[in-house]
> 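Please find one structure pasted underneath; my questions will follow.
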Amino acid sequence: MKKIMSALIIAATLQSGLHAQTEAKPTEEQLYRPHFHFSPKKGWMNDPNGLYYKDGVYHLFFQYYPDGNKWGPMHWGHATSKDLVKWEEQKIALYPDELGYIFSGSAVVDKNNTSGFGDAKNSPVVAVYTYHNPNREKDGKIDVESQGIAYSLDNSKTWTKYSANPVLNNPGIRDFRDPKVFWDVKRKQWIMVLAAQDRAHLYSSKDLKSWSFQSEFGKDVGGHGGVWECPDLFPIKVEGTNEEKWVLIMNINPGGPNMGSAGQYFVGDFDGKTFKLDELFTKQLLKDKAAWLDWGKDNYASVSFDNVPEGKRVIIGWMSNWEYAQEVPTEGWRSAMTMAREVSLKRTKEGYILKNVPVSQLKSYEGKSIKKTITLTSENQLLTKSDMDLTKAVLDLDLKKMTAGKYTFMLKNALGEKLVFGIDNTAKELFIDRSQSGKTGFGNHYATPITKAPLNKAFANAKMKLLIDKTSIEIFFNDGEKVLTEIFFPNENFSELTLATDTQTGTLKMNAHELLTK
Ligand code: FRU
């Protein structure tokens, strides 16, 4: 009898345990699908492509493999947004064809119909992309990559590939890809910047169909720890002046500041043919070797939108890293994009800083708010818990009267998993430590070494804007002067934010908002 009873008890416990487990175990969607960052419904995604604005709509294309959750034959997926925040996935825009897979590239609004694909009333949108030929690759050929174009006359609903593709043949360089095209207003010409292994190549054109080589840039400058990919080139005003500078973005894989893939930038001048580094920026490079757009491990292939209203320069990046992107624990889909960000250029005595902050449209998604000011002590202090959903939040943190020591924020869940990040005012650096953030066993450098971003001094006051989704954090330090973006995969959503300091003085003012998502 005793035996039967205990067997019954065991069975009951097992059953209820099992039941509780099935009930409690969140699905991959519930756990990992971002609330407010774009991710494809199914399949694999990498770089943003063909970013442009027209007729009230922003278009985001992306490197896409619909039939698997790892990189495969590349298509251009498509999503649209009215405000750069809320994206709606559309049908696939470009499929691979006999010339190859459709690799990364850009799109431009051809307002004067220079290409002749449209007419005076209907300006065509022209996509310029890389053909990557898998057959030539298999045969061990060098000339695997060339550039092709396609156009749309119906706001990207349908696309026609140009019958005389490719428009730019391979000159004998294995890695020859990711064309970014823009209209050079002063010279009335199209300019294409593309990545040619360890440097940028610049071409010009009058009609987007015939291209002539102008110059190259970058063989001996900046970061060269990996292949150069996904460039961008655009003019921008130096903050607070009327002076125009040119920024050249170049993504690099591997060789980022915290391992794996990352984006770097250069500041200089462009005369219609050649990009030349600015003198102050050259000095800055002697000290820093490279200028990084984002110091986190998860912002790659950031490039900018064409034709954004009010001359704003808006970029978006792929929120992952080639080191582990194909292994992260989502199954039905893989990867999300960063929040769209507006960039600006600041000049200081030490050099140039390409700042980036979330686009202002994000403000209209701010819902329920929590404001509090706390006096800092060496105790661990709770900033927010059940009063705010920390899987969709934007927090403005304002630290005053800082001292030496560490300001350590912890985003935690009930399982004791945590993402640790903050400011080390003694070592003069920002950091993110995701080694205890849940699932971490992928890539060689996913968890360690921890991410660090050097600061040029200790701060007495500092500001941080945090953008937190279910599986990502974007940290904008001092109005985007230093940015860190990273993803994470806890086994239960993070629900609590705390701050620990080494100090007995100073205050933290927090203005936090839950984001409205529909
Ligand atoms: C960068 C990249 C590009 C290429 C694409 C292929 O992430 O390697 O250089 O065009 O991805 O998907």
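These figures come from a predicted structure and were not determined experimentally. Ligands are counted one by one from 1 in listed order, and the atoms in each one are counted from 1 as well. Start at 1 with the first residue, then count along the sequence.
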> At the 4.0 Å heavy-atom cut-off, does Trp71 count as touching ligand 1?
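Checking ligand 1 against Trp71, which is what was asked, there is a heavy-atom contact under 4.0 Å.
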> State whether the side chain of Lys180 and the backbone N or O of Ser304 hold a donor-acceptor pair below 3.5 Å, judged by distance alone.
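Yes.
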> Which is it for Tyr300 and ligand 1 at heavy atoms under 4.0 Å: side chain, backbone, both or neither?
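Side chain only.
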> Would a line drawn from the ring center of Phe182 to the ring center of Trp246 be shorter than 6.0 Å?
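Close enough - the centres of the two rings lie under 6.0 Å apart.
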> Is there a heavy atom in Tyr101 that sits closer than 4.0 Å to ligand 1?
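The answer is no: ligand 1 sits nowhere under 4.0 Å from a heavy atom of Tyr101.
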> Side chain, backbone, both or neither: which part of Asn46 has a heavy atom under 4.0 Å from ligand 1?
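The answer is the side chain.
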> Please say whether the positively charged group of Lys439, taken as NZ for Lys or CZ for Arg, lies over the ring of Tyr446, i.e. under 6.0 angstrom from the six-membered ring centre and within 45 degrees of the axis.
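Cation-pi check for Lys439 and Tyr446: fails.
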> Which of the atoms in ligand 1, numbered in the order shown and given with their element, are less than 4.0 Å from a heavy-atom of Met74?
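Here the atoms of ligand 1 in question are 12 (O).
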> Could you tell me if the ring centre of Tyr265 sits under 6.0 Å from that of Tyr352?
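That pair fails the under 6.0 Å test.
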> Considering the heavy atoms of Ser104, write down every atom of ligand 1 situated less than 4.0 Å from one of them.
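Going through ligand 1 atom by atom, the ones under 4.0 Å from Ser104 are 5 (C), 10 (O).
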> Give the residue and atom name of whichever protein heavy atom lies nearest to atom 6 (C) of ligand 1, and the separation in Å to one decimal.
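Of the protein heavy atoms, Gln63 OE1, 3.1 Å lies nearest.
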> I want to check something: taking the side chain as every heavy atom from C-beta on, are Asn113 and Pro124 in contact at a cut-off of under 4.5 Å?
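Contact flag for Asn113/Pro124 side chains = yes.
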> Determine whether more than 12 heavy atoms belonging to other residues, nucleotides or ligands lie under 6.0 Å from atom CD of Glu88.
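No, not enclosed.
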> Measure from the side-chain N and O atoms of Asn69 to the backbone N and O of Arg334, and report whether any donor-acceptor pair falls under 3.5 Å.
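Pair absent, no side-chain N/O of Asn69 close to backbone of Arg334.
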> Nearest 0.5 Å, please: how far is CG in Asn299 from OG in Ser472?
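With rounding to 0.5 Å, OG (Ser472) is 11.0 Å from CG (Asn299).
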> With heavy atoms of Asp178 as the reference, note each atom of ligand 1 found under 4.0 Å away.
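Per the distance check, 3 (C), 4 (C), 9 (O), 10 (O).
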> Can you sort out which atoms of ligand 1 are near Phe103, meaning under 4.0 Å from one of its heavy atoms?
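That gives atoms 4 (C), 6 (C), 10 (O) of ligand 1.
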> Starting from atom 1 (C) of ligand 1, locate the nearest protein heavy atom and write down its residue, its atom name and how far away it is, to 0.1 Å.
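The closest heavy atom on the protein side is Asp47 OD2, 3.0 Å.
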> What atoms of ligand 1 come within less than 4.0 Å of a heavy atom belonging to Glu229?
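Counting from 1, the qualifying ligand atoms are 1 (C), 2 (C), 3 (C), 7 (O), 8 (O), 9 (O).
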